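Below: the structure, in structure tokens.
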Amino acid sequence: MVKNNPIKFSIKNLNAWFGSLHVLKAINLEIYANEILSIIGPANSGKSTFLRTLNRLNELYPGFKMTGSVFYGGEDIQKIEAEVLRKRVGTVFALPLPLPLSIADNVAYGAKIHGIKDKKKLEEITEESLKKAFLWEEVKDRLNESAFKLSGGQQQRLCIARTLAVKPEVILFDEPCSGLDPISTAKVEETMFVLKREYTIVLVTNNVKQAARVGDKTAFFLSGELIEFDITEKIFTAPSDQRTDGYIRGEFG
Amino acid sequence: MERHFDEELKELNKEILRMSLLTQEAIYKSIESLKNRDRVIATEVIASDKKVDELELVIDERCIDLIARYQPMATDLRFIATAMKINAELERIADLAVDISQRVLELVDKPLLKPLIDIPKLSAVAQGMVRDAIDALVRKDVELAKNVVLSDPDADKLRNSVQEELINDYMARDAKTADRAVPLLLIARHLERICDHATNIAEDVIYMVEAKVVKHHPEEL
């Protein structure tokens, strides 16, 4: 019997459309606190749309419509102000997108927007966030340099630090290593392992091996349906559904 | 989509089958050498074990190579993991055929202690279990694999019967029969061990096909 942590997200009969395109079909899923949930599936399977549903980012896209419910900590997310929800549920995107600012200002940016003005407090947040993202040692002597001077892998960890600076509870990673070399990928994965002690992580990835390495649980999406959801070890050694087996073995996708 | 990896898995499958043929031939010949008291065949079995050992290494290397290059998952992973385990079981079975042949060489110049009755029965059970375990592997036949596992106690009974007869009826009555009785006792033991390895192969096949662990869990059968 698998022991589960407390439920962070509870998704009930979620359907979503972009215009007439039905992109998520009757999804029921629970996401547990302090775990990494890996979401895998071929292109157009709905995995990124699902991720963006969790902090209502889809609402920024025209033609988006959804039915069903997403509960966050027991509360319907439609009843939580979008900005408040996105502060609690941050996103790290596929491509590292540093702002045209210094390394330190990139990290402090979100905290400033959320009203923190005190310089010393901002410095503390910056250092703490960079440490948690395992970037502090590499940048502590050049915090005022442009963020663009960092390598791709460092830029991605900077984006993680920027997300952490607003003190979220959940971090959504949307293909965070797609443009990174294996060493940078390994550093981001190691960062996730440590972060899950304090945060809940949802990782969308096209790299099934990454899902197998880092996920506590794994969900397989196909054509907008959730085909299988289980502990990662089970999904990658003995999946229940033949479509999951075919996808993770590389037969399609 | 046919993957290049599938070709590699087919090659691995062929090598496992080749290994199983060599092993089955070794068992068959070792038993023939016993029945016919044939020194030549017994010596051939001992000499041909080198081929089995070499093929074992080739298969092991191929499995490690496939894991390193493809990092297989799900059914592919279970197939390769099973292939590695079955490879080791087959090699051990071939070693036991060598052990039987060595006992035959010890016996061949001495008068037969008694007509062989239960040992040929036990050898038929052992050959049948190995054949069925390999057939179950080839056909991914879980029912056949289960039958193999369930027939293991028959082999144990036959081995016990051989043991009791040789100890009680011969060695206990006349210690001088020991030099002819002990090799027969050991042959029964080797045959029973072959059955154990066939059982292991069958259990591995069940894991490969159904991802179900029945080893040490007979209630799962």
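Chain identifiers are assigned alphabetically (A, B, ...) following the order of the sequence lines, protein sequences preceding nucleic acid strands; residue numbering begins at 1 within each chain. Predicted model, so just to flag it, every value in this text is computed and none were measured.
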_So does A/Gly215 get a backbone contact from the side chain of A/Thr232, meaning a donor-acceptor N/O pair under 3.5 Å?_
yes

*Can any side-chain N or O of A/Thr163 pair as donor or acceptor with the backbone N or O of A/Cys159 at less than 3.5 Å?*
yes

*So which part of B/Phe5 gets closer than 4.5 Å to some heavy atom of chain A, the side chain, the backbone, both or neither?*
neither

*Are any of the side-chain heavy atoms of B/Glu32 and B/Asp38 separated by less than 4.5 Å?*
no

Hydrogens and angles aside, do [X] and [Y] bring a side-chain donor and acceptor to less than 3.5 Å of each other?
| X | Y | answer |
| --- | --- | --- |
| B/Glu89 | B/Asn200 | yes |
| A/Thr53 | A/Asn58 | yes |
| A/Asn55 | A/Arg86 | no |

*Output the residues of residues 118-154 of chain B for which the shortest heavy-atom distance to chain A is under 4.5 Å, in residue-number order; output 'none' if no such residue exists.*
none

*Using a strict cut-off of less than 4.0 Å between a Lys/Arg side-chain nitrogen and an Asp/Glu carboxylate oxygen, indicate whether A/Glu169 and A/Lys8 qualify as a salt bridge.*
yes

*Pick from A/Ile235, A/Asp245, A/Ile248: which one has the most heavy-atom pairs with chain B under 4.5 Å?*
A/Asp245

